[in-house]
**Student:** 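One structure is given below, represented as structure tokens, and several questions about it will come after.
The shown structure was predicted, so the numbers you read here are calculated from the model rather than taken from an experiment.
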Amino acid sequence: MKFSFWPATSHPPAEVLAEARQAEAEGWYGVWLADHYMPNTPDGAPADGPVHEAWSLLSALATATERVRIGTLVSPTSVHHPALLANRAVTIDHLAGGRMVLGLGAGWQVNEHAAYGFELEEPGPRVTRFEESIQIVRSLLVEERTTFRGKVYDVVDAPCDPKPVQQRLPIVVGSGSPRMLRITARYADEWNTWGTPETAAASREKLLAACEQVGRDPGTVHCSINSIVRLDEEAVPGRPSIGGSAAQLADQIGRYAEAGYDEFIVNGASLTGAAAERSDMLARLGTEVLGQLSE
């Protein structure tokens, strides 16, 4: 199994880039960024607090690193037009020399939609928008011109030039509902979810069922899972997280691999404190925990 890191965009950009460079130097597989404009709140009220814009940071990540994959977990199609998503992804793929992964989701965070005037549609129309978006994005990435007429979008003879550096720029979808999983199975290269060792297998079984429904070989879908990791501490109550000693964490992460996941992503909430403290913890996670699984 591969291991990736998800730095918190609430930290200063220089610190995000430093953590990404550290992860690359220490052998991590990828660096992911959340695409939000403010912290989430349970009641949907606008929230104060720093959140740096993901796509701007991705451009910096592309030039600050040389090997790791970089991408969004995930960009909501409720906010971003598919043409912008495709063109941004291609540009960053060129900046990164072919390391961009485009993460897409239907959108969910109530407060940022309400505050900025983005319509957060009911689940049915929202997923319809997503399904049209992913088809348009994929076509723009591979076809010379794209024409698509749907319920939401009309795209006519649209170019996306240049094409990605990669022969096929990967699209990863963050999803969980049956319809979203079927869309993932039809159009995406990768699938991402949150989960604990206890819930991981059941979540992936739903993806496998969706693949069977649409005739997709599940072995062609790269599966990644995110969790908060607490070394020498208890798991975070009420959130997808794991905790314990290095040996206990290695055992728990190994259970994700046994459930069929290809990539484990350490969420940035795993690291607390000042930049130096977070750097030390990132190094410890790599050597004391993940190192056991790479032996």
**Student:** Using the salt bridge (charged side-chain N to carboxylate O under 4.0 Å, His left out) criterion, which residues pair with Arg186? Sequence neighbours excluded.
**Tutor:** none
**Student:** Hey, any chance Leu85 and Phe130 share a hydrophobic cluster, counting ILVMFWY side chains that come within less than 4.5 Å of each other, even indirectly?
**Tutor:**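 Same cluster.
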**Student:** Output the distance between atom CD1 (Ile228) and atom OG1 (Thr272), rounded to the nearest 0.5 Å.
**Tutor:** 11.0 Å
**Student:** Linking Ile, Leu, Val, Met, Phe, Trp and Tyr through side-chain heavy atoms less than 4.5 Å apart, which residues share a cluster with Trp108?
**Tutor:** none
**Student:** Any pair with a residue in residues 59-75 that passes salt bridge (Lys or Arg N to Asp or Glu O under 4.0 Å), sequence neighbours left out, goes on the list, sorted by first then second residue, please.
**Tutor:** Arg69-Glu190, Arg69-Glu263
**Student:** Taking all non-hydrogen atoms of both residues, which atom of Pro76 and which atom of Gly107 are closest, and how far apart?
**Tutor:**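 Result for this residue pair: CB-CA, 3.6 Å.
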**Student:** Start with the C-alpha gap between Ser56 and Ser59, add the side-chain angles, then the distance that decides, and say whether side chain to side chain donor-acceptor pair (under 3.5 Å) holds.
**Tutor:** CA-CA 5 Å; Ser56 301; Ser59 296; over 6 Å; no
**Student:** Suppose the criterion is salt bridge (Lys or Arg N to Asp or Glu O under 4.0 Å): which pairs have a residue in residues 127-137, not counting sequence neighbours?
**Tutor:**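 Output for this query lists Glu121-Arg129, Glu131-Arg179.
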**Student:** Can you tell if the side chain of Arg99 reaches within under 4.5 Å of the side chain of Val68, non-hydrogen atoms only?
**Tutor:** yes
**Student:** Do Ile183 and Val173 come close enough that some side-chain heavy atom pair is under 4.5 Å?
**Tutor:**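 No - every pair of side-chain heavy atoms lies 4.5 Å or more apart.
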**Student:** Quick one: list whatever passes salt bridge (charged side-chain N to carboxylate O under 4.0 Å, His left out) with Glu198, sequence neighbours left out.
**Tutor:** Arg255
**Student:** Are the aromatic rings of Tyr29 and Phe3 close, with centres under 6.0 Å apart?
**Tutor:**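 Not under 6.0 Å, so no.
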**Student:** Using side-chain heavy atoms (C-beta onward) and a distance below 4.5 Å, is Val172 in contact with Asp189?
**Tutor:** no
**Student:** For Asn192, run the side chain to side chain contact (heavy atoms under 4.5 Å, CB included) check against Ser175, Ser224, Cys223 and tell me which one passes.
**Tutor:**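 Going through the options one by one, the only one that passes is Ser224.
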**Student:** Do Asn226 and Thr193 have side-chain heavy atoms sitting under 4.5 Å apart?
**Tutor:** no
**Student:** Let me confirm one number: the CG-CG distance from Asn87 to Leu140, rounded to the nearest 0.5 Å.
**Tutor:** 7.0 Å
**Student:** side-chain hydrogen bond (donor to acceptor under 3.5 Å, both in side chains): which pairs involve residues 202-218, sequence neighbours left out?
**Tutor:**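 Non-adjacent pairs meeting side-chain hydrogen bond (donor to acceptor under 3.5 Å, both in side chains): Arg216-Thr220.
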**Student:** Would you please test Val221 and Cys211 for side-chain contact (heavy atoms from CB on, under 4.5 Å) and show each step?
**Tutor:** CA-CA 9 Å; Val221 182; Cys211 287; 4.1 Å; yes
**Student:** Is the backbone of Arg239 close enough, under 3.5 Å, to the side chain of Ser241 for a donor and an acceptor to pair up by distance?
**Tutor:**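 Yes.
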**Student:** Can you measure from CG (Asn267) to CZ (Phe5) and round to the nearest 0.5 angstrom?
**Tutor:** 8.5 Å
**Student:** Any chance you could pull the hydrophobic cluster mates of Val214, using side-chain heavy atoms under 4.5 angstrom and chaining through other members?
**Tutor:**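 The other cluster members (ILVMFWY side chains, heavy atoms under 4.5 Å, direct or chained): none.
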**Student:** Could you note down all residue pairs passing salt bridge (Lys or Arg N to Asp or Glu O under 4.0 Å) where residues 24-49 supplies at least one of them, sequence neighbours left out?
**Tutor:** none
**Student:** Should Tyr261 and Ile225 be marked as a side-chain contact (heavy atoms from CB on, under 4.5 Å) after you check the CA-CA gap, both sets of side-chain angles, and the distance that decides it?
**Tutor:** CA-CA 7 Å; Tyr261 288 87; Ile225 192 163; 3.7 Å; yes
**Student:** Could you tell me whether the side chain of His52 and the main chain of Pro12 form a donor-acceptor pair under 3.5 Å?
**Tutor:**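 No, because the side chain of His52 does not come within donor-acceptor range (under 3.5 Å) of the backbone of Pro12.
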**Student:** Okay, side chain of Asp251, backbone of Ala247: is any donor-acceptor separation there less than 3.5 Å?
**Tutor:** no
**Student:** For the pair Lys163 (side chain) and Glu143 (backbone), establish whether a donor and an acceptor sit closer than 3.5 Å, ignoring hydrogens and angles.
**Tutor:** yes
**Student:** Distance-only, no hydrogens or angles: does the Gln22 side chain make a donor-acceptor pair with backbone N or O of Ser279 under 3.5 Å?
**Tutor:**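 It does hold such a pair.
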**Student:** Can you tell me if His113 uses its side chain to pair, donor with acceptor, with the backbone of Gln109 under 3.5 Å?
**Tutor:** yes
**Student:** Quick check against the 3.5 Å criterion: does Ser139 have a side-chain atom that pairs as donor or acceptor with the backbone of Gln135?
**Tutor:** no
**Student:** Enter the distance from Asp262:CG to Lys2:NZ here, rounded to the nearest 0.5 Å.
**Tutor:**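 Between atom CG of Asp262 and atom NZ of Lys2 there are 7.0 Å.
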**Student:** How far does CG of Asn111 sit from OH of Tyr116, to the nearest 0.5 angstrom?
**Tutor:** 8.5 Å
**Student:** For the residue pair Trp32 and Pro7, what are the closest heavy atoms and their distance?
**Tutor:**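 The pair with the smallest heavy-atom distance is O-CD, 3.2 Å.
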**Student:** Can a donor-acceptor pair be found, under 3.5 Å and without considering hydrogens, that links the side chain of Ser270 to the backbone of Val229?
**Tutor:** yes
**Student:** Looking at Pro240 and Thr196, what are the two nearest heavy atoms and their distance?
**Tutor:** CA-CG2, 4.0 Å
**Student:** Which residues satisfy the ring pair (Phe, Tyr, Trp, His ring centres under 6.0 Å) test with His81, sequence neighbours excluded?
**Tutor:** Tyr153
**Student:** Considering all heavy atoms of both residues, which atom of Glu119 and which atom of Ser78 are nearest to each other, and what is their separation?
**Tutor:** O-CB, 4.3 Å
**Student:** Give a yes or no on whether the backbone of Gln248 and the side-chain of Gln252 come within a donor-acceptor separation of less than 3.5 Å.
**Tutor:**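 At least one qualifying donor-acceptor pair exists.
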**Student:** Output all residues satisfying ring pair (Phe, Tyr, Trp, His ring centres under 6.0 Å) with His222, sequence neighbours left out; order by chain, then residue number.
**Tutor:** none
**Student:** Could you state the interatomic distance from CG (Leu249) to CG (Leu290), rounded to the nearest 0.5 Å?
**Tutor:** 9.0 Å
**Student:** Of all residues at least two apart in sequence or in a different chain, which pass the salt bridge (charged side-chain N to carboxylate O under 4.0 Å, His left out) check with Arg278?
**Tutor:**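 Checked Arg278 against salt bridge (charged side-chain N to carboxylate O under 4.0 Å, His left out); matches are Glu15, Glu19.
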**Student:** Between Leu141 and Ala86, what is the shortest heavy-atom contact and its length?
**Tutor:** CD2-O, 4.0 Å
**Student:** Less than 4.5 Å apart, any side-chain heavy atom of Ile242 and any of Pro197?
**Tutor:** yes
**Student:** Could you tell me how the ring of Trp194 sits relative to the ring of Trp6: parallel (under 30°), tilted (30 to 60°) or perpendicular (over 60°)?
**Tutor:**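 Correct class here is tilted.
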**Student:** Does Glu112 use its side chain to pair, donor to acceptor, with the backbone of His36 at less than 3.5 Å?
**Tutor:**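 No, Glu112 side chain to His36 backbone: no donor-acceptor pair under 3.5 Å.
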**Student:** Looking at every heavy atom in both Pro162 and Val90, which two are closest together, and how far apart are they?
**Tutor:** O-CG1, 3.1 Å
**Student:** Just distance, no hydrogens or angles: give the donor-acceptor pairs under 3.5 Å from side chains in residues 231-238, sequence neighbours left out.
**Tutor:**
{"from": "Asp232", "atom 1": "OD2", "to": "Arg284", "atom 2": "NH2", "distance (Å)": "2.9"}

